Amino acid sequence: MCILSVLIFIVGSLNAQLAPDIPIEYQVKAAFLYKFTKFIQWPEDSLAEASNTIRIGLVGKSPMKKALEAIMDTDDIARTLELAQFDGPQEITACHILFVDRSEHTHVEEILQAVSGSSTLTVGEIHKFAHRGGMINFIIEKGNVRFEINVKAAAEADLQISSKLLRLAEIVGGVK
Amino acid sequence: MNLLKTISFAWCILIVFVPLDGTARELAHDTWDSLKVDFGLKGHLDLTKLSLEELMAIEVTSVSRKTEKLSEAAAAIFVITNEDIRRSGATSIPEVLRMVPGVQVAHIDANKWAISARGFNGRFSNKLLVLIDGRTVYSPLYSGVFWEAQDVMLEDVEQIEIIRGPGATLWGANAVNGVINVITKKVWDTQGGFVTVGGGTEERGFGTARYGGTLGRALAFRLYTRYFNRDAYVDANGRETADKWDALKGGFRLDWNPPSGQAITLQGDMLASNQYETLTTTSQDPPYVEIKNNLVDITDVNILARWQRDWSNTSQMAVQLSYSRFNRTSSIAEFLIDSYDIDFQHRFSPLVNQEIVWGWGYHTNRDDLRGVFSVDFNPTKRRDTLLSAFLQDEIVLVSDRLQLTIGSKFEDNDYTGFEIQPNARFVWTPRKEHTVWASVARAARTPSRAEYHVQLIRLIYPAGYYDPNLPAFVTVTGDESFDSEYLLAYELGYRLRPHASLSCDLTTFYNVYDGLRTMEPGMPFPELTTEPAHIVIPISANNKMRGETYGFELASHWRVLEWWQVYSSYSYLQMKLRTEQDSQDIIAENAEEESPHHQIYIRSSKDLRDNLHVDVGLRYADALPSLDVNSYITLDVRVGWYVTASVELSLIGQNLLDDHHPEFTPEFLDTQPTEVERGVYGALRFTF
């Protein structure tokens, strides 16, 4: 009887409309990335390219790409964002924001090394990413997305983070 | 059994034809601390319009039992966070539970506790369901929990949810007065490693080590091992007793997140523990009683596999399988219990304002219970099966203001057959800062192996006392006509958040019990075939008591200053029990005085300078007159110093106000109760 109900359930659930396969966690993180651009100031001469577009680089294969593409689906946002996908630290070129997917957790040092000296905002979702020199790290706390900010690392890259953003973050980089 | 089959089959058919579509509920900001989002025409969320705070409030985990925001739950729920555990200085789950209003925790001796919710406390208290990561740890032996075998590594506990009352539970059997669910962290949140070592006066020595790593993009693991050695307590005169114990535990957990919203977990633990106690037991030779230091050897192995899948943003499914083998050996008995469990659950929204959760479970125990003389079971081996199903519908009547939940559990067990446990609750949020909820529920506490089949020789009268020629054995005898105990529970709760820095949670309850257990003497009869021949004076479990319990529980959290928080809880409990006219149990009503009327807990938590955490906890429990236990007030202090970001030194003092104080006296088995001693220990934790 139990097997029967399992079978029936499986058949029944094939009726289910499979939702957009972007996990909600990444939809939220993508929205955060977009919002960070409003709370962070890059130095005047940061990137050689045209100043209106924000270039977001992604290291590692990530659901973040689809999530960002979904955000860019609207006309007004599409004009302001540009995505670039890098398969490894050696491919990284200049961008405003570099998102490091959790699959790249073994390459954190190389990635941070690759962008050191530039004004790239490094954002990750890796255990202790901010403690290791990344600037912003997404963590999940009690089912909600939170972020840790390493203020010192951001300052070294000449990035100004608004206090409105700092207030909501967990500041790391010193002894808590 | 047939009714259960028909109902579950009917629901299965219904599921097939009910369109499971991905329509979500409407965007709403009013409900304090929660957010439900609008899909819009694009089929995905448009979150860029939300503020930072709103983004931070979105639920991104889809756990099988949905993590409802605390403020919305229509139940007396208290959540202990990892931080609460760490800062309390507690080293075991029972000690952590002392901060929860409505929960009674009492040490019987250094390795045993009596724990219950809303009364009826005892070593074998049977009205509380305890789960660890969704796996039931309640023992079918006596419908209770062997707390001394549930050592969970506290550092990796995500949170402990305690729900008092029966209505909110959709989990397994016997959640009559409450449910405690210990949830460990996902492997992704325990990457890297740590080692903790420490020791002191009562905590003689302990060490824990854990390492977590990844095996690919979506697969991660953790391994841990833990050892502790605890000192014995003392008797009323301050002399050391025999009840020391130690335990070695190890385990692993593997989390795999393959694409398309799936999460698969595999976890297992092994425990080996030695515990000493002083036991007074009957023996078959004159003088028919002996007092001995008994060594209890416990081993517990368990493994659990769980698969969760999000079919859409409003349809989630979870399946869980678990197995455990529990072995408890001592000089008076050897118990072996194998448990197998399959649980299934599905949550979906057929209509915009409704969410349905339904599921079923199959649970079977195989046991082998053998005694030497004073304790035995007849039959010694048995296999019990429990089939359960549940269904709950959560209906939003007024968006973000009023919500009604109705549901029921259906169970078919091998003792009393079919039991139905319905409940109805509603939540009303008139304004952001206020939540009112109410619940009515019925619950059944089904019989256990002990009540049906035990043979416990409590007392022996030598020849010449009761009978001129033969000794007489007063024996607690199992009786298969013992029925379930029933509860009808009414609860009302109010949550208030008058200010961002202050929250209060008040619950009142009125519980009506029927068929409560009494121990009734039967007709004595001669037993001439065994050695020695004797008269049996049987005492069996019957259901000849009823009564009401009522009280209220208050919990509050006050952030006095940025760096100073005060947590407090207060519990008030009154029990009014009455045995039937024809009952001959003269001590059953004593249960009224075996759980404290008042309990207070206050903890002040300060973050000093940059790296110093100081926590001071005060605890008070009212007297237990029928057990000859006085009220006590005691103090726990913890000072934690982060020497560097990855090294923490801490010093903990427990039970500081008295040299020693008693907390409880146990029933049925005459284990010598001992008094909780003042203790101090230090710990060093190194993270890498």
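Letters go in sequence order (proteins before strands), and every chain restarts at 1. Since the model is a prediction, treat every value here as computed from it, not as a measurement. These values consider heavy atoms only, across backbone and side chains, with no hydrogens, waters or symmetry-generated copies.
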Of the backbone (N, CA, C, O) and the side chain (C-beta and beyond), which part of A:K61 lies under 4.5 Å from a heavy atom of chain B, both, or neither?
backbone
Are B:E54 and A:K35 close enough for a salt bridge, meaning some N to O gap below 4.0 Å?
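Salt bridge absent between B:E54 and A:K35.
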Interface residue of largest heavy-atom contact number with chain A, from B:V319, B:L52, B:T214, under 4.5 Å:
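Highest number of pairs under 4.5 Å: B:L52.
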Stepwise salt bridge (Lys or Arg N to Asp or Glu O under 4.0 Å) check, B:E53 with A:R167:
CA-CA 11 Å; B:E53 287 87 352; A:R167 212 180 29 149; 3.6 Å; yes
Best-contacting candidate, A:F147, A:F39, A:F32, against chain B by heavy atom pairs under 4.5 angstrom:
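The residue among A:F147, A:F39, A:F32 with the greatest pair count is A:F32.
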Would you say A:Q160 has more than 12 foreign heavy atoms packed within less than 6.0 Å of its CD?
no
Looking at A:Q113, I want to see if its CD is surrounded by more than 12 non-hydrogen atoms of other residues, nucleotides or ligands under 6.0 Å.
no
How far does CH2 of B:W188 sit from NE2 of A:H127, to the nearest 0.5 angstrom?
12.5 Å
For the atom pair OG1 (B:T687) and NZ (A:K128), what is the distance rounded to the nearest 0.5 Å?
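B:T687 OG1 to A:K128 NZ: 6.5 Å, rounded to 0.5 Å.
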Which bit of B:S51 comes within less than 4.5 Å of chain A, counting heavy atoms only: side chain, backbone, both or neither?
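For B:S51, the backbone is the part near chain A, not the side chain.
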